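Before I ask anything, let me first share the structure, which is written out below as structure tokens.
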Amino acid sequence: MPQTPPFSAMFDSSGYNRNLYQSAEDSCGGLYYHDNNLLSGSLEALIQHLVPNVDYYPDRTYIFTFLLSSRLFMHPYELMAKVCHLCVEHQRLSDPDSDKNQMRKIAPKILQLLTEWTETFPYDFRDERMMRNLKDLAHRIASGEETYRKNVQQMMQCLIRKLAALSQYEEVLAKISSTSTDRLTVLKTKPQSIQRDIITVCNDPYTLAQQLTHIELERLNYIGPEEFVQAFVQKGPLDNDKSCYSERKKTRNLEAYVEWFNRLSYLVATEICMPVKKKHRARVIEYFIDVARECFNIGNFNSLMAIISGMNMSPVSRLKKTWAKVKTAKFDILEHQMDPSSNFYNYRTALRGAAQRSLTAHSSREKIVIPFFSLLIKDIYFLNEGCANRLPNGHVNFEKFWELAKQVSEFMTWKQVECPFERDRKILQYLITVPVFSEDALYLASYESEGPENHIEKDRWKSLRSSLLGRV
């Protein structure tokens with residue numbers, strides 16, 4: 001069965017493969033081309049363009065781009081129903097007397113399209129309506145010949161495995177979030193239970209950076225490409241105030257990943273504000289600077305940014321006596337790299353360098369590119385907001401969707417990298433489950449370490465002591 005090639009090969013620098021769309025005219029069957037590039041088309045014509053026939057199979061960049069963007073116009077199950085209908089009608093798959101020879105030519109192509117859909121957008125098939133249509137069409141193909149039966153079986157097994165792994169992952173996330181408690185609550189009830197800190201669990205910053213990379217790659221891997229688009233699905237005027245995706249939250253893995261970033265920032269701030277002694281706090285700051293540097297070297301920009309943002313939280317940055325004991329030159333270099341000015345120019349340059357290294361990598365370690373995720377979402381959001389989905393003539397603006405698919409396909413390449421580092425269960429467990437301070441608890445710990453500097457801080461300290469500790 002044909003295997004789908006890696007994503008990086010799909011798009012050239014212009015956003016799609018320019019030589020794929022050969023057409024003598026500028027307009028062809030409801031599709032509009034310019035210089036052989038597909039720019040727009042009616043939704044119906046684009047759906048027709050997705051369905052293979054005896055002489056034609058759609059290009060892979062087109063399949064990915066259309067499956068990704070079509071959900072802004074219709075539910076995936078509606079698209080699936082149309083595709084199945086076209087396959088059955090066009091190829092007369094419903095006709096018992098249909099030409100076996102014709103069937104031999106078209107069946108592998110339809111099967112390949114279904115395989116690409118189930119491999120790239122498996123989460124679409126959590127919908128029973130999708131699964132029904134898939135099974136129906138697969139059954140029609142499989143009843144033809146033994147080889148197709150095997151291939152259909154293989155496709156279905158692979159899809160079911162992916163969906164089972166996703167359900168398991170979601171259960172683990174739900175379990176973690178249901179047992180998470182505030183660090184201060186634990187300290188008040190069982191002060192002896194949290195004697196450990198990050199340095200006693202893992203005293204080597206390089207190892208910690210590697211374990212953070214494990215968590216990042218695992219969570220990235222579970223984000224479906226469609227989640228980037230579904231995050232922006234608007235409520236349609238005919239939807240009776242229901243969004244296209246109201247029946248199930250379709251961006252939960254993307255949200256879980258953003259939550260991980262926030263947790264890591266709070267964990268860093270908690271570890272710094274916890275120690276009573278100034279020299280211990282300074283040591284923790286220097287430790288995290290080394291962790292962040294190693295994250296930068298690995299290409300793990302998401303953990304790097306989470307660590308920097310934790311160190312820049314007000315309860316940490318106000319600890320002036322602590323920072324005076326820290327050698328900050330290394331931290332200044334990191335902050336410069338992640339400086340938000342000029343639309344994160346320095347970071348984007350570093351990201352391009354890491355992406356380039358990844359393309360020519362000889363080892364899986366050199367392949368790692370973990371982007372600063374919030375910025376990636378923001379870029380995709382602005383691309384979506386900045387261009388209309390439809391042109392004034394009602395055509396789908398396909399030029400916009402090539403660009404969207406290019407950005408998402410790059411992410412798809414990065415998320416498929418295997419983590420080359422050895423897992424350390426003890427460190428991973430600590431990073432994922434140890435209780436962290438809330439924002440108020442961080443401020444309280446910060447004031448307890450280095451007293452308030454003005455009336456506003458003094459008043460806040462008093463109110464936090466009374467609300468959090470029950471002391472006046």
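For clarity, every value in this text was computed on a predicted model and none was experimentally measured. For the single chain, residues carry numbers from 1 onward in sequence order.
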>> Distance alone, cut at 3.5 Å: any donor-acceptor contact between the side chains of E457 and Y443?
In response: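 Per modelled atom types, E457 and Y443 side chains form no pair under 3.5 Å.
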> Any chance the side chains of E255 and T251 put a donor and an acceptor closer than 3.5 Å?
Replying inline: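 Looking only at side-chain atoms, T251 and E255 do form a donor-acceptor pair, the distance falling under 3.5 Å.
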>> Is it the case that the side chains of T200 and D197 hold a donor-acceptor pair, with the cut-off being a distance below 3.5 Å and no angle test?
In response: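 A donor-acceptor contact under 3.5 Å links the two side chains.
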>> Does this structure show an ion pair linking E227 with K415, if we count only N-O contacts that are shorter than 4.0 Å?
In response: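 A salt bridge is absent here (no side-chain N lies under 4.0 Å from a carboxylate O).
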> Is a salt bridge present between D424 and K426, judged by a nitrogen-to-oxygen distance below 4.0 Å?
Replying inline: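 Judged by the 4.0 Å cut-off on N to carboxylate O distance, D424 and K426 do not form a salt bridge.
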>> Under the rule for side chain to side chain contact (heavy atoms under 4.5 Å, CB included), what residues qualify as partners of I333, not counting sequence neighbours?
In response: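 Partners of I333 under the side chain to side chain contact (heavy atoms under 4.5 Å, CB included) test: none.
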>> If the condition is salt bridge (Lys or Arg N to Asp or Glu O under 4.0 Å), which residues does R281 pass it with, not counting sequence neighbours?
In response: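 Once residues adjacent in sequence are excluded, the partners of R281 under the salt bridge (Lys or Arg N to Asp or Glu O under 4.0 Å) criterion are E450.
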> Pairs in or reaching into residues 261-274: which pass salt bridge (Lys or Arg N to Asp or Glu O under 4.0 Å), with residues at least two apart or in two chains?
Replying inline: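 For residues 261-274, and leaving out neighbouring residues, there are no salt bridge (Lys or Arg N to Asp or Glu O under 4.0 Å) pairs at all.
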> How far apart are the C-alpha atoms of F228 and Q407, what are their side-chain angles, what is the distance that settles it, and do they pass the side chain to side chain contact (heavy atoms under 4.5 Å, CB included) test?
Replying inline: CA-CA 10 Å; F228 290 102; Q407 291 201 14; over 6 Å; no
For a quick test of your reading: what N or O donor-acceptor pairs under 3.5 Å do the side chains of residues 282-291 make, sequence neighbours left out?
from : atom 1 : to   : atom 2 : distance (Å)
E286 : OE2    : K327 : N      : 2.9
Y287 : OH     : C202 : O      : 2.7
D290 : OD1    : K330 : NZ     : 2.9

>> Quick one, Q230 with R71, criterion side-chain hydrogen bond (donor to acceptor under 3.5 Å, both in side chains). Give me CA distance, side-chain angles, the key distance, then yes/no.
In response: CA-CA 7 Å; Q230 280 160 191; R71 60 200 71 235; 2.9 Å; yes
> Taking the six-membered ring for Trp, are F261 and F373 ring centroids under 6.0 Å apart?
Replying inline: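 No; F373 has its ring centre 6.0 Å or more from that of F261.
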> Y257 and Y222: aromatic ring centres closer than 6.0 Å?
Replying inline: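 Judged by ring-centre distance (under 6.0 Å), Y257 and Y222 do not meet the cut-off.
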>> Please determine whether ring pair (Phe, Tyr, Trp, His ring centres under 6.0 Å) holds for the pair H395 and Y32, giving the CA-CA distance in whole Å, both sets of side-chain angles, and the decisive distance to 0.1 Å.
In response: CA-CA 9 Å; H395 268 200; Y32 176 74; 7.6 Å; no
> Does the ring center of F66 lie less than 6.0 Å from the ring center of F401?
Replying inline: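 Between F66 and F401, the centre distance exceeds or equals 6.0 Å.
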> Can you tell me if E216 and S303 form a side-chain donor-acceptor pair at under 3.5 Å?
Replying inline: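 Note: E216 and S303 side chains meet the donor-acceptor criterion.
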> Taking only residues two or more places apart in sequence, or in another chain, which ones meet D204 in a salt bridge (Lys or Arg N to Asp or Glu O under 4.0 Å)?
Replying inline: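 Result, salt bridge (Lys or Arg N to Asp or Glu O under 4.0 Å) vs D204: none returned.
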> Of all residues at least two apart in sequence or in a different chain, which pass the side chain to side chain donor-acceptor pair (under 3.5 Å) check with W323?
Replying inline: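 Testing W323 for side chain to side chain donor-acceptor pair (under 3.5 Å), a comparison that skips the adjacent residues, returns none.
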> Excluding sequence neighbours, so at least two apart, what forms salt bridge (Lys or Arg N to Asp or Glu O under 4.0 Å) with E453?
Replying inline: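 Per chain and number, E453 pairs via salt bridge (Lys or Arg N to Asp or Glu O under 4.0 Å) with K320.
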>> Between E399 and N37, is there a side-chain donor-acceptor contact under 3.5 Å, judged purely by atom types and distance?
In response: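 Looking only at side-chain atoms, E399 and N37 do not form any donor-acceptor pair under 3.5 Å.
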> Who passes side chain to side chain donor-acceptor pair (under 3.5 Å) against D459, sequence neighbours left out?
Replying inline: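 Applying side chain to side chain donor-acceptor pair (under 3.5 Å) to D459 gives none.
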>> Nearest 0.5 Å, please: how far is CG in L39 from CG in L391?
In response: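 L391 atom CG to L39 atom CG measures 9.0 Å (nearest 0.5 Å).
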> Any side chain to side chain donor-acceptor pair (under 3.5 Å) pairs touching residues 348-365, not counting sequence neighbours?
Replying inline: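 Matches after skipping sequence neighbours: E294-R365, N343-R348, R348-D379.
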> So which pairs with a foot in residues 292-312 pass ring pair (Phe, Tyr, Trp, His ring centres under 6.0 Å), sequence neighbours left out?
Replying inline: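 Listed by first then second residue: F296-F301, F301-Y347.
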> Does the distance from a Lys or Arg side-chain N to an Asp or Glu carboxylate O, for R460 and D440, drop under 4.0 Å?
Replying inline: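 Looking at R460 and D440, the cut-off is met.
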> Quick one: side chain to side chain donor-acceptor pair (under 3.5 Å) partners of K400, sequence neighbours excluded?
Replying inline: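 Side chain to side chain donor-acceptor pair (under 3.5 Å) check on K400 returns N384, N389.
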>> So, using salt bridge (Lys or Arg N to Asp or Glu O under 4.0 Å) as the criterion, who are the partners of E439 when residues are at least two apart?
In response: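 Counting only residues at least two positions away or on another chain, E439 forms no salt bridge (Lys or Arg N to Asp or Glu O under 4.0 Å).
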